[in-house]
Amino acid sequence: MVDIKKSTKDGIEVFEAEINGEKIIWDSGLTYNSHLQIEKLLSSQKLISDKPNEMMFVIVHQSMELWLKLCLHELNIIIELIKNDEIKKPLKTFDRISAIQRHMTQSWEILATLTPTDFLTFRDYLKKASGFQSYQYRELEFKLGNKNKDLIIVHRENKGVYDHLVQTLNSPSLYDEILMYLSRKNFKIPEELINRDWSEPYQPHSEIESVWQEIYQESERYWDIYMLAERLTALEYYFQEWRFKHMKTVSRVIGNKQGTGGSAGVNYLTKALDLSFFPELWEMRTTMKNS
Ligand code: HEM
């Protein structure tokens, strides 16, 4: 039996033991488990079938939701900094988001081990539950500028979530904030783009394409904004990779079957690959000339 030395410090019981020559200490205050809410986390996998593959399905979804939570948290930090005209500090936060995105994209590989046979053992148990109902994903899309407002109806019954999505819908997206920043820095940003109904999808504008061209062509002069633009490009690039792998994994698991949420399935997910959060940043790559 290992000897445990007990003492008290500031009203907290402190324990000390030696195991294999290593000192181990812990106390009755904050623990790994209480800080990280491990019991709550590990009791959140409420399986609805007795099929062995459902556990992986649930855990992959839950992990993605946790990463979405972190992406939203980091994105809020970026938006606040940009509102305050700080564009160097967000670069590090953008890099963190990109690292999370790559990790999320990689995690489709785990889901891809689900064969059509495996999935069919529990698919009917899911009833109409679908990724359509991921409110964090919808919030992220809104924050990035895909203001597809009708999709929030699926959250009508959940007032807190619904109101939050409406508020996000009616707020400027990351790109809107960046255009406002550029306007404050005297770039020629059309008034109708920075004084508009934020709940409407952003419409690409040739003047914005010209602004990005100027920034890219005079990259030395506008270095910080140029770096910011490259981070935006990376964010969209990795977002599309995630969408593509989702679509491909779904195709591998259910073929062209309808989704549990009622959509055409793979066909719906493929259409999303044509969406663009920062359209002029992609357009200007075609029209850009050697400076
Ligand atoms: C076998 C696994 C999966 C299948 C077969 C699947 C299938 C689908 C389908 C068919 C749709 C279209 C909506 C519908 O009709 O239901 C969809 C949407 C969605 N799925 Fe998945 N999915 C899977 C895994 C995941 C995972 C792991 C996530 C991670 C969060 C996820 C997140 C989403 C989201 C956010 C949407 C809405 C996309 C949008 O509106 O653009 N899905 N999924």
Side-chain angles (χ1 to χ4, degrees), residues 41 44-49 51-73 75 97 100-156 158 161-162 164-165 168-169 173 201 235-236 238-277:
L41 186 68
S44 296
Q45 291 70 43
K46 305 264 184 244
L47 303 189
I48 50 172
S49 77
K51 311 300 174 200
N53 291 290
E54 192 198 340
M55 180 65 97
M56 180 275 282
F57 181 86
V58 169
I59 289 183
V60 170
H61 277 84
Q62 289 183 334
S63 318
M64 294 260 206
E65 287 290 340
L66 282 174
W67 291 123
L68 284 173
K69 181 170 181 170
L70 189 55
C71 285
L72 284 166
H73 171 82
L75 198 55
I97 294 182
I100 302 166
Q101 288 178 298
R102 289 195 296 271
H103 180 80
M104 287 174 77
T105 298
Q106 176 62 25
S107 59
W108 287 114
E109 296 297 326
I110 305 170
L111 202 65
T113 63
L114 187 75
T115 66
T117 324
D118 295 336
F119 190 42
L120 284 172
T121 60
F122 65 90
R123 191 183 191 218
D124 287 348
Y125 290 83
L126 301 175
K127 306 269 171 50
K128 294 182 180 52
S130 148
F132 260 159
Q133 296 155 8
S134 167
Y135 54 82
Q136 290 203 108
Y137 181 81
R138 201 57 60 210
E139 181 179 352
L140 186 59
E141 286 242 13
F142 283 176
K143 280 220 155 81
L144 293 176
N146 181 21
K147 299 283 179 84
N148 197 342
K149 60 173 95 170
D150 294 339
L151 285 170
I152 65 173
I153 48 168
V154 297
H155 302 291
R156 244 178 10 162
N158 190 343
V161 163
Y162 186 83
H164 185 66
L165 283 175
T168 311
L169 180 71
S173 69
L235 196 158
E236 174 153 348
Y238 292 126
F239 203 100
Q240 286 293 32
E241 277 200 333
W242 185 91
R243 280 189 177 135
F244 179 78
K245 286 282 270 198
H246 180 205
M247 181 276 287
K248 251 352 211 183
T249 312
V250 172
S251 167
R252 188 168 167 172
V253 179
I254 65 166
N256 280 315
K257 286 195 181 92
Q258 212 186 31
T260 45
S263 82
V266 166
N267 196 28
Y268 169 82
L269 299 172
T270 305
K271 276 195 256 163
L273 295 174
D274 286 333
L275 297 169
S276 179
F277 299 129

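Indexing begins at 1, ligand by ligand and atom by atom, following the structure's order.
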### Message
I need the atoms of ligand 1 closer than 4.0 Å to a non-hydrogen atom of F57, numbered in the order shown.
### Response
1 (C), 2 (C)
### Query
Given that the side chain starts at C-beta and the backbone is N, CA, C, O, which of these parts of W67 lies under 4.0 Å from ligand 1, counting heavy atoms, or is it both or neither?
neither
### Query
Got an N/O contact under 3.5 Å between S263 and ligand 1?
yes
### Query
Heavy atom of R138 under 4.0 Å from ligand 1?
yes
### Query
Which class fits the ring pair Y268 and F132: parallel under 30°, tilted 30 to 60°, perpendicular over 60°?
perpendicular
### Task
Could you tell me the residue and atom name of the protein heavy atom closest to atom 5 (C) of ligand 1, and the distance to it rounded to 0.1 Å?
F119 CE2, 3.9 Å
### Protein heavy atom at shortest distance from atom 39 (C) of ligand 1
Y268 OH, 3.3 Å
### Task
Spell out, as yes or no, whether a donor-acceptor pair under 3.5 Å connects the side chain of S251 to the backbone of M247.
no
### Summary
The answer for which part of Q258 has a heavy atom under 4.0 Å from ligand 1 is neither
### Query
What about G261: any of its N or O atoms under 3.5 Å from an N or O on ligand 1?
yes
### Under-4.0 Å heavy-atom contact with ligand 1, by part of L68 that carries it
neither
### Message
Whether the side chain of H73 engages the backbone of K69 through a donor-acceptor N/O pair (distance < 3.5 Å, no angle test) should be reported.
### Response
no
## Note on the structure
Here the atoms of ligand 1 under 4.0 Å from any heavy atom belonging to M64 are 29 (C), 30 (C)
### Query
Of all the non-hydrogen atoms in the protein, which one sits nearest to atom 25 (C) of ligand 1, and at what distance?
H61 NE2, 3.1 Å
### Query
Hey, is K245 close enough to E109 for a salt bridge, meaning N to O under 4.0 Å?
yes
#### Entry: Pairs involving residues 122-134, ordered by first then second residue, that meet side chain to side chain donor-acceptor pair (under 3.5 Å) (sequence neighbours left out)
E65-S134
### Task
Scan side-chain atoms only and decide if E139 and Y135 contain a donor-acceptor pair under the 3.5 Å cut-off.
no
### Message
side-chain contact (heavy atoms from CB on, under 4.5 Å) for L111 and M64? Distances and angles first, verdict last.
### Response
CA-CA 11 Å; L111 202 65; M64 294 260 206; over 6 Å; no
### Task
Determine whether F142 and L151 make a side-chain contact, defined as any pair of heavy atoms from C-beta on separated by less than 4.5 Å.
no
### Query
Is it true that a side-chain atom of T249 and a backbone atom of A112 form a donor plus acceptor pair closer than 3.5 Å?
no
### Query
At what distance is the nearest protein heavy atom to atom 2 (C) of ligand 1, and which residue and atom is it?
L111 CD2, 3.3 Å
### Task
Please work out whether the ring planes of F239 and W242 are parallel, tilted or perpendicular, with thresholds of 30° and 60°.
tilted
### Residue and atom name of the nearest protein heavy atom (relative to atom 38 (C) of ligand 1), distance in Å to one decimal
Y137 CE2, 3.8 Å
### Query
Which of the atoms in ligand 1, numbered in the order shown and given with their element, are less than 4.0 Å from a heavy-atom of G265?
10 (C)
### Query
Are a donor atom and an acceptor atom from the side chains of D118 and T115 found within less than 3.5 Å of each other?
yes
### Task
For atom 21 (Fe) of ligand 1, check which protein N, O or S atoms are under 2.8 Å away and list them.
H246 NE2
#### Entry: Side-chain donor/acceptor of Q101 to backbone N/O of L235, under 3.5 Å
yes
### Task
Determine yes or no for a side-chain-to-main-chain donor-acceptor pair under 3.5 angstrom, with E54 supplying the side chain and L47 the backbone.
no
